[in-house]
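Here, residue 1 is the first one in the sequence, and each next residue gets the next number. The shown structure was predicted, so the numbers you read here are calculated from the model rather than taken from an experiment. Start at 1 and go down the list; that is how both ligands and their atoms are numbered.
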Amino acid sequence: MTSFRNISRRDFLKFCAGTASLLGLSEAAVPRVARALEGAAKKPPVIWLEGQDCAGCTISFINSSNPGTAELVLDTISVRYHETIMAAAGHLSEKALQDTIKEGGYVLVVEGSIPTVDPRFCQIAGRNFVDIVKEAAGNAGAVIAIGSCATYGGIPGDCPPPGTGMGVGEAMDKGLIPKKPLINVPTCPAHPERFVGTVVYYLLYKQPPPMDKIGRPLMFYDKLIHDNCERRGHFENGEFLSDWNSFEQRNWCMYLKGCKGPFTYADCPKRRWSDGLNWCIGCSSVCQGCSEPTFYTGMAPLYDKTQEIRGYRVETIGAVATGIVAVGLAGHFIGQAMTGRLGKGGPPEEGGDN
Ligand code: SF4
């Protein structure tokens with residue numbers, strides 16, 4: 001049996017119950033989750049590579065608590081190579097990487113984008129990052145791309161020229177690295193629960209979870225932010241924040257200030273961040289659309305309204321917010337007309353459009 005350091009049985013079972021609900025399973029599945037976590041006679045090996053990243057996804061993961069999610073998962077899987085948290089360095093760490101690659105069957109986690117146009121970018125131990133990922137993906141059982149940069153290129157991906165930072169899926173499509181089952185876990189940074197849920201699903205079912213057309217697990221990315229936003233009532237009423245300094249408008253809808261919630265699929269309103277403490281819109285920052293492939297350039301400028309909700313002239317609604325037009329009637333009409341029909345072609349179905 002795997003031993004979980006510093007974590008009581010009660011906390012462990014609490015974690016299992018939380019993870020079961022994360023996966024959409026009933027309470028009856030808790031013992032099964034517990035068995036999958038503690039019963040793995042041979043802990044699945046993991047190689048975690050960092051390319052063009054800020055290590056934010058790693059920090060997000062190891063800072064999670066209630067109970068120590070990182071500790072539980074790191075005790076459940078066997079992280080053989082991780083540049084930020086491994087104790088070994090130099091030749092020892094490279095040997096650990098090579099030994100694991102030879103063994104095969106591991107899960108490869110890639111954090112950060114992959115530069116492909118200039119060999120001087122992102123060299124590790126004298127080798128180009130793209131060559132390291134190519135070698136490590138070769139014998140991997142599955143690949144998890146974690147964070148916006150590794151999934152779709154993110155901020156480095158938008159630096160000229162094209163190919164300066166490429167997502168794992170695109171690198172696979174272009175034949176730069178071998179094609180393997182790929183799970184994309186975007187946002188900047190990645191949410192620790194979405195990573196843990198993905199890993200536990202893989203341990204339970206020995207296959208990737210059901211995903212949308214762009215490789216995101218549906219259990220975390222099947223709804224628009226806008227659909228579950230706590231400010232949606234203000235949107236429906238035509239109450240749009242136009243003045244950051246207005247006390248009255250402090251909780252109003254931020255669509256006119258550039259919120260990308262109507263175009264972004266993720267469960268942030270429900271899952272929230274920092275152990276459920278708050279989330280972007282909860283602390284009066286617009287949704288920046290960081291779970292979408294078009295992040296960053298396609299969502300910038302972040303505090304400008306750059307996209308229209310299909311079929312609606314929201315400037316008219318903005319006038320409503322400033323009190324020029326009858327708020328209640330217009331808001332009610334608009335809300336009724338818009339319910340459930342926002343975004344880029346509707347909610348993604350498994351293998352469906354996004
Ligand atoms: Fe919430 Fe943004 Fe939608 Fe407004 S536009 S309801 S702030 S997600």
Next on the checklist: Under a 3.5 Å distance rule, please check whether Asp53 uses its side chain to pair with a backbone N or O of Ala55 as donor and acceptor.
Outcome noted: yes
Checklist outcome for this item: Per-atom filter on ligand 1: closer than 4.0 angstrom to a heavy atom of Arg232 are 6 (S)
Checklist outcome for this item: Numbered in order shown, the ligand 1 atoms found under 4.0 Å of a heavy atom of Gly261 are 8 (S)
Checklist entry - So does His226 have any N/O/S atom less than 2.8 Å away from atom 3 (Fe) of ligand 1? => result yes
Considering only protein heavy atoms, which is closest to [atom], and at what distance to one decimal place?
atom: atom 7 (S) of ligand 1; answer: Met254 N, 3.4 Å
atom: atom 4 (Fe) of ligand 1; answer: Cys253 SG, 2.4 Å
atom: atom 2 (Fe) of ligand 1; answer: Cys259 SG, 2.3 Å

Item to check | Carboxylate-amine/guanidinium contact Lys179 Asp173, below 4.0 Å | outcome: yes
Item to check | Salt-bridge contact Glu292-Lys260 (side-chain N to carboxylate O under 4.0 Å) | outcome: no
Checklist entry - Got an N, O or S from Cys229 under 2.8 Å of atom 1 (Fe) of ligand 1? => result yes
Checklist outcome for this item: Within the 4.0 Å heavy-atom cut-off, what Val286 brings close to ligand 1 is neither
Checklist entry - Is it the side chain, the backbone, both or neither of Pro262 that has a heavy atom closer than 4.0 Å to ligand 1? => result side chain
Item to check | Parallel, tilted or perpendicular, as decided by the 30° and 60° cut-offs, for the rings of Phe235 and His226 | outcome: perpendicular
Next on the checklist: Do Arg231 and Tyr255 form a cation-pi contact, if we require the NZ or CZ to be under 6.0 Å from the six-membered ring centre and within 45 degrees of the ring's axis?
Outcome noted: no
Item to check | Distance flag, aromatic centroids of Trp48 and Phe195, threshold under 6.0 Å | outcome: yes
Checklist entry - Is the Phe129 to Phe121 ring centre distance short of 6.0 Å? => result no
